[in-house]
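Numbers restart at 1 for each chain; the letters A, B, ... are given by sequence-line order, proteins then strands.
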2 protein chains.
Amino acid sequence: MSLSTSDRSLVELVIRRLNVLRPLSTEARASLEYALLEGLEHAGAGEDLISEGDPVDSVRVVLSGWLCRYKSLEDGRRQIVNFIFPGESCDSHAFLLPVMDHSIATMTPVVYAEIKRARFESLTRDARSLAEAFWCETLVNNAIQREWAINLGRRTALERVAHLFCEIFERLRPVGMVDANSCVMPVTQMDLADATGLSVVHLNRTVQELRASGLIVLRDRILTINDLDALKDTALYSPSYLQLYRRS
Amino acid sequence: MSLSTSDRSLVELVIRRLNVLRPLSTEARASLEYALLEGLEHAGAGEDLISEGDPVDSVRVVLSGWLCRYKSLEDGRRQIVNFIFPGESCDSHAFLLPVMDHSIATMTPVVYAEIKRARFESLTRDARSLAEAFWCETLVNNAIQREWAINLGRRTALERVAHLFCEIFERLRPVGMVDANSCVMPVTQMDLADATGLSVVHLNRTVQELRASGLIVLRDRILTINDLDALKDTALYSPSYLQLYRRS
DNA sequence: CGTGGAATTGAACGTCGTCAAGGACCGTGG
DNA sequence: CCACGGTCCTTGACGACGTTCAATTCCACG
């Protein structure tokens with residue numbers, strides 16, 4: 001495995017993000033950085049990294065690319081229950097439960113670092129700040145999951161899609177994947193439909209409604225938000241749940 | 001505060017439940033039992049224990065009664081994102097994040113134990129098994145939240161309500177609140193509507209559909225499930241997410 | 001009794017899903 | 001070079017599921 005400078009900068013990104021959740025000690029950063037660089041892996045788009053029912057014995061930290069957590073019903077209906085963005089980890093501590101309750105799939109080519117359970121446990125035992133940072137991540141995930149519940153249960157199609165775009169934008173911003181008012185949107189409308197609980201057809205019409213009202217431009221897999229505040233208004237978006245910034 | 005024998009048996013229930021998630025050492029049980037008995041509190045029905053935006057500095061463990069986590073939109077639309085049943089804790093570790101992202105309300109009169117943050121942290125520091133048990137609880141909650149996402153996003157009204165009834169029944173069983181094939185259902189149809197993302201009117205019609213098909217009886221706040229397997233079939237219910245039983 | 005919350009019913013409407021077809025784009029192979 | 005197939009996006013027509021509004025019944029409680 002070769003260690004490019006780009007890999008190193010991706011690892012930096014992970015550490016910076018965790019550091020926002022909990023300030024990390026110098027040793028914590030160093031040992032995490034080492035563990036990440038040691039476990040680098042690549043995956044193509046559209047692969048299942050883990051499937052519902054699988055036992056888990058490692059933690060994966062995403063360095064680049066988009067993934068999603070999803071669940072399926074017997075008859076094929078699928079619900080994406082969350083996205084996973086660069087800097088986030090897939091299933092820290094998931095090994096505390098016997099098996100996965102959901103699946104994780106790549107939506108783009110992905111670079112990630114795999115840390116075996118024993119290694120992860122010794123890392124977090126040695127650095128309390130690291131352990132807390134990963135736990136904070138789990139808690140924030142929990143909060144996002146709750147926000148998705150009200151999104152799916154109580155928002156209209158237009159509000160749901162607007163809300164999803166706001167959330168994606170706000171989650172990509174702190175990891176430097178937002179350029180002024182636009183970001184990549186490397187997923188199909190089918191995926192967006194599965195994330196918002198809509199049919200593809202209706203998702204498409206809803207996106208066009210957002211386009212027609214001038215709030216967004218979505219073309220060539222690039223999302224441009226013309227007026228973020230206005231988009232948040234139509235989404236009834238309240239950002240507190242992301243906990244992107246620490247209480248000072 | 002008086003310590004009745006009934007309080008003691010409720011505390012036993014909490015410990016038994018945590019013990020299913022992680023085997024607890026004798027000392028862990030003893031110190032937790034002590035902390036719980038020391039922090040007993042009561043609340044009436046329909047009270048907000050914590051509201052979105054509040055800082056948290058304690059953990060509440062529910063000894064009896066039903067609560068719910070919910071989120072609201074500006075215009076009053078409300079989504080119940082989860083229930084909290086006896087034996088479960090409200091927000092263990094929530095103090096790791098600055099403020100609550102959702103509110104917690106009592107749906108019935110409730111008995112709970114409040115453990116201050118410092119106390120909780122020393123408890124879990126001294127007993128690793130206890131810490132892991134509480135973390136497991138958080139992880140299971142996460143899994144439940146994901147199941148609710150697919151419930152709200154991809155199931156029909158009939159499936160949603162059937163699924164909710166299955167889940168409630170299965171979560172109440174291990175804490176001894178199920179009697180043969182029936183359990184209490186001490187909430188209004190308005191609450192059930194807010195939990196399933198339906199209007200009250202349509203929830204009512206859906207419940208009647210379940211009644212008409214002979215699957216359930218719901219009367220006088222008692223839910224009787226005539227054929228649990230059949231109900232699970234109509235709900236497309238797959239129980240693994242509750243992780244009620246440990247891998248041996 | 002009378003009051004108020006909860007459950008229930010009816011009717012009309014609307015959002016969203018389904019089905020089906022057409023178009024844009026892209027890589028592959030003849 | 002162009003035909004071909006595949007995937008994704010888009011549009012139209014229609015119907016169904018679920019919402020809204022409003023009225024009625026039921027029941028516990030004072």
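Axis angle, first five pairs versus last five pairs of the helix from C:dC1-D:dG30 to C:dA21-D:dT10: 40°, rounded to 10°.
Spacing between atom CE of A:Met190 and atom P of C:dG17 amounts to 11 Å, rounded to whole angstrom units. Spacing between atom CE of B:Met185 and atom C1' of C:dA6 amounts to 16 Å, rounded to whole angstrom units. For B:Asp220 and C:dA6, the CG to C1' distance is 13 Å, given to the nearest whole Å. Between the CG atom of B:Asp75 and the P atom of D:dT20 there is a distance of 10 Å, given to the nearest Å. Look at CZ on B:Arg221: it is 8 Å from P on C:dA6, rounded to the nearest Å. Atom CD of B:Gln189 is separated from atom C1' of C:dA7 by 6 Å (rounded to the nearest Å). If you measure from atom CG of B:Asp194 to atom C1' of C:dA6, you get 14 Å, rounded to the nearest angstrom. Here the P atom of nucleotide D:dC8 and the CG atom of A:Leu218 are 15 Å apart, to the nearest Å.
Using a distance-only test at 3.5 Å, with no hydrogens or angles considered, no donor-acceptor pair links the side chain of A:Ser51 to the main chain of A:Asp54. A:Arg154 places a side-chain N or O within donor-acceptor distance of the main-chain N or O of B:Leu198, the cut-off being under 3.5 Å. Checking side-chain atoms of B:Thr106 against main-chain N and O of B:Gly46 turns up a donor-acceptor pair under 3.5 Å. Looking at A:Thr108, its side chain does come within 3.5 Å of a backbone N or O of A:Trp66 through a donor-acceptor pair. Judged by distance alone, the side chain of A:Arg155 and the main-chain N or O of A:Leu236 form a donor-acceptor pair under 3.5 Å.
Of the residues in residues 202-216 of chain B, B:His202, B:Arg205 come within less than 4.0 Å of DNA chain D through at least one heavy atom, sorted by number. For the segment residues 148-166 of chain B, residues with any heavy atom less than 4.0 angstrom from an atom of DNA chain D are, sorted by number, B:Thr156, B:Ala157.
Between A:Thr138 and B:Leu139 there is a side-chain heavy-atom pair separated by less than 4.5 Å. For the pair A:Asp227/A:Leu231, no side-chain contact is recorded, criterion being any heavy-atom separation below 4.5 Å from C-beta on.
For the atom pair CD (A:Glu137) and CD (A:Glu88), the distance works out to 6.0 Å, reported to the nearest 0.5 Å.
Nucleic acid contact class of B:Thr188 (heavy atoms, under 4.0 Å, all strands): sugar-phosphate only. Contact annotation for A:Gly46: no contact, since no heavy-atom pair falls under 4.0 Å across all strands. B:Arg219 comes within 4.0 angstrom of no nucleic acid atom, judged by non-hydrogen atoms across all strands.
Evaluated for a side-chain hydrogen bond (donor to acceptor under 3.5 Å, both in side chains) with A:Tyr241, the options A:Glu167, A:Glu147, A:Arg146 yield exactly one hit, A:Glu167.
Side-chain atoms of B:Asn151 and B:Tyr237 form no donor-acceptor pair, as typed in the model, at a separation below 3.5 Å. One side chain, A:Thr188 or A:Asp191, offers a donor N or O that lies under 3.5 Å from an acceptor on the other.
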